[in-house]
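Below you'll find the structure I mean.
Numbered from 1 within each chain, the chains take letters A, B, ... in sequence-line order.
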Amino acid sequence: MTDGLIDIDKKSELNNLPRRYKKISITRYFIYLALIVMVIWSFQGSQFSFEGLLDSTQYFKRFLGEAFPSIGILGENEHSITWKDTFRYTRELIETFQMAFTGTLLGIIFGFILALLSSKGLLGNSRPMRLVQETVKALILLFRTVPDLVWAIIFVMLVGLGAFAGTLTIMVDTIGFCGRFFAEEMEDVDKSPADALESCGATKLDATFAAVVPAAMPGLITTSLFAFEKAIRGSVILGLVGAGGIGMSLNALFNWMAYDRAMVIIGMIFALIFVVEQVSQYLRRKVTQNEEKRI
Amino acid sequence: MNAIEVNHLSKSYADFEVLRDISFTIGVGESIAIIGSNGAGKSTLLKCLTRITEPSQGSINIFGDPILKFRTGALRRMRSSIGVVFQKHNLVPRLSVLTNVIHGDIGRLHNVSKFPLAGIRNWGQISASNRTRKKAMEALEMVSLSHLALQRADTLSGGQSQRVAIARALMQEPNMILADEPVASLDPVAANEVMSLFYDLCKNKNITLIFTSHNVEHALEYGNKVLAIKNGRLSLFKDSNSIEIKTLQAEYD
C-alpha cells in the first residue's frame, strides 16, 4: 500500500485513532440499566402477551360477525336501523358538537384570562403579583392533570346527567390546555415593543393588550383550533359516564351487544372528527401561511 | 431651567461598574450626541434617564424634577412626556402603522384619568377617538408616511419603520426625545434621511434631543454638543463646533 495516496501503514501515527465508543460514566451506565429493567418490569405488569391476542380469535370472529352482518340479514335484524334511529343519532352527534364547541369557547376565554394572570412578569413583578401568578399556574396544572373522564364524573355528580356536565368538563379541560399554552406563547413573544410602550407611559396592562397579545395572536389562534380538535375527540367519550352526547348511545349499544348499531355510530363519530380535523388543519395552515407572507 | 441635570450618576451590576460618577447639564431644546464604543455605557445612561434601569447612585433632574424620587404614578407621568426611539424600532409587528402611532398617546389617557383601564381606547386605531386619529395622521404626515396608515408595521422597510417609531414618539407631544442608536439598523442613505428628518422635527418643535450613535459624522452634524463615554466615565462633553473628527475617533481607541 506504499504507493497509495494515503499511507495507512505508517506505524508511528496509528495510536492517534479516535475511540469508537465514548466512555460512559458509571451513573449513566446505571441509568441505562434502569431503563432496561423498567421496560421488562412494565411489560410484566401490563400483562401484555401475544398468546392472549392469538387465543382470542373466536371472540374476534364473533364480534366482527355481529358488527358487520351480511347485507341479507340487514333489515330483518332486531338491531336494524330505522329512519327514526338515524335522526336520533344525528341529533346526538350534533349535541356532541355543540358541547365541544361551547365548552371550548368558554375554555378559551377563561384559559386566556388565567394565562394572562399566570404569565411571568406580564402584568407585574411585585411580590403579591408573583404569588397570584404561582397560584394560577398551580390551578391550571390541576385542571390539566386531572383526566377529563374524572372531571366528567364529578360534574355529572354536581349537575346531573346530560350535555351540561359534558360542556363543563370540556371547558375545564380546555382551560387547562389553553391556560398553559397561551401563557407559553405570550411569554415567548419579543417583549421589546411592550417595553417601548411602557417607556412612554403605558401601563403593564396596556403593553400586554396593545403589544404582547397582538404579536402572540397567530399562536393563540392555532392553539385554540388544537383545543377544539381535542375537545371534539374528548367529547365523544364523555357519554360513557353519562355526560351527554353520542357517547351515551354508544355505551348503551355496547351494553346490549348491538355491535352492528355501535359500528354505525362509530362511523358517524369518525366522520365528525375527520371533518373537524380537516377544517381546523386548513385554518391553521392559513394562519401560518398568512404570517410567513408578511415577514 | 435645564432639560437635564445629572449629578454623580453611577450604575453597577453586582461587581461590575457600568457608569462611574457622571455629571452633565443639558439645556432646553439642545441636541446632544452620545458616542462611545460598544459596552461603554451609552444605552445604560439613556435607560437611567427614564429609570428603565435604576441608577445605583447620584441624582437626575429632568425639567427641574428629581425623577429618582418619583413613585409609580409620577414616574409614568414623566415617561409619558419623554419620547423614546429604539435601535430596533420596536413597533408591534402585526398591527397597522396607524395603531402603532396611536399607541404613543396611551400615556396621555392615563394622565387625564385615574381609571386603570383608561388606556383601552388607544389599544387599536378602531376604538381611538377622532381627535386622536387625526393627531396620529398628522404625526404620520410629519414623517411623510400618512399614505401607509393602514399597512401592517411588519411590511415596512427599515427606514419607514423607524419613521413610524418617530411619529409614535411625536404623538406623545414630548419635550424631550431619547434615541438609542436610531439609525444603526439602516442603510447609509436611509440613515441620513431619518437622522436629518429627526433633527429638523426636534429643532422646529423645540424638543430636546439626545441620541447615541457610532457614526461620528452624524454626531457632529446633528449634535449641538457631543458627549463621549469611555469605560463608564464621561470623557468628553463639548460644543460640536469646537471638535475635530479625529478627536471623536480617538474616543473609540
Side-chain angles (χ1 to χ4, degrees), chain A residues 109 112-113 116-117 119 121-130 132 182 185-224 283-284 286-295, chain B residues 46-47 49-53 72-73 75-96 99-100 102-111 115-125 127 151-156 165 168-169 171-172 174 177-178 180:
Chain A
I109 294 169
F112 177 70
I113 295 170
L116 283 179
L117 290 173
S119 293
L122 199 61
L123 293 181
N125 250 334
S126 60
R127 195 178 286 257
M129 198 59 219
R130 277 209 298 267
V132 170
F182 282 2
E185 269 139 22
M186 290 193 284
E187 280 170 9
D188 285 349
V189 161
D190 175 20
K191 288 287 156 44
S192 7
D195 292 342
L197 290 191
E198 269 191 75
S199 74
C200 65
T203 59
K204 286 257 182 204
L205 193 73
D206 293 326
T208 301
F209 277 96
V212 177
V213 173
M217 200 42 95
L220 301 184
I221 293 173
T222 43
T223 302
S224 301
L283 292 175
R284 276 189 281 119
K286 277 274 157 192
V287 172
T288 16
Q289 273 173 355
N290 207 13
E291 280 318 294
E292 280 163 3
K293 245 188 275 168
R294 297 281 184 175
I295 295 163
Chain B
L46 277 193
K47 282 179 189 160
L49 293 180
T50 48
R51 278 179 64 190
I52 298 293
T53 298
T72 329
L75 182 64
R76 204 199 44 66
R77 194 173 281 264
M78 182 275 286
R79 282 178 182 168
S80 75
S81 69
I82 298 180
V84 185
V85 174
F86 303 85
Q87 180 183 353
K88 278 171 56 197
H89 315 178
N90 290 351
L91 301 181
V92 184
R94 304 187 68 256
L95 300 181
S96 70
T99 293
N100 268 289
I102 284 173
H103 283 169
D105 194 50
I106 291 178
R108 186 187 59 84
L109 294 184
H110 287 286
N111 292 347
F115 181 53
L117 276 172
I120 197 168
R121 282 199 78 177
N122 284 354
W123 287 355
Q125 60 96 7
S127 52
Q151 198 161 318
R152 263 173 63 156
D154 46 10
T155 61
L156 301 178
R168 179 172 68 184
M171 193 69 183
Q172 297 172 243
I177 292 184
L178 308 178
D180 193 2

- Item | Heavy-atom pair count under 4.5 Å with chain A, highest-scoring of B:Asn100, B:Asn111, B:Ile106 | B:Ile106

- Query: Is there a donor-acceptor pair closer than 3.5 Å between any side-chain N or O of A:Glu198 and the backbone N or O of A:Lys204?
  - Reply: no

- Name the region of B:Ile52, side chain, backbone, both or neither, that has any atom closer than 4.5 Å to a heavy atom of chain A. side chain

- Message: What part of A:Leu197 gets within 4.5 angstrom of chain B, counting heavy atoms only: side chain, backbone, both, or neither?
- Response: side chain

- Message: Can you confirm whether the side chains of A:Asp195 and A:Ser192 place a donor and an acceptor under 3.5 Å from each other?
- Response: no

- Between B:Leu91 and chain A, which part of the residue has a heavy atom less than 4.5 Å away: side chain, backbone, both or neither? backbone

- Message: Could you tell me if the side chain of B:Leu156 sits less than 4.5 Å from the side chain of B:His89, heavy atoms only?
- Response: no

- Query: Quick one: what part of B:Arg168 sits under 4.5 Å from any heavy atom of chain A, side chain, backbone, both or neither?
  - Reply: side chain

- With chain B, which of A:Ala202, A:Ala215, A:Ala211, A:Ser199 has the greatest number of heavy-atom pairs at distances under 4.5 Å? A:Ser199

- Task: Measure up the A:Phe182 and A:Phe112 rings against each other and bin them: parallel (under 30°), tilted (30 to 60°), perpendicular (over 60°).
- Result: perpendicular

- Sub-3.5 Å donor-acceptor pair from the side chain of B:Arg108 to the main-chain atoms of B:Ser80, do we have one? no

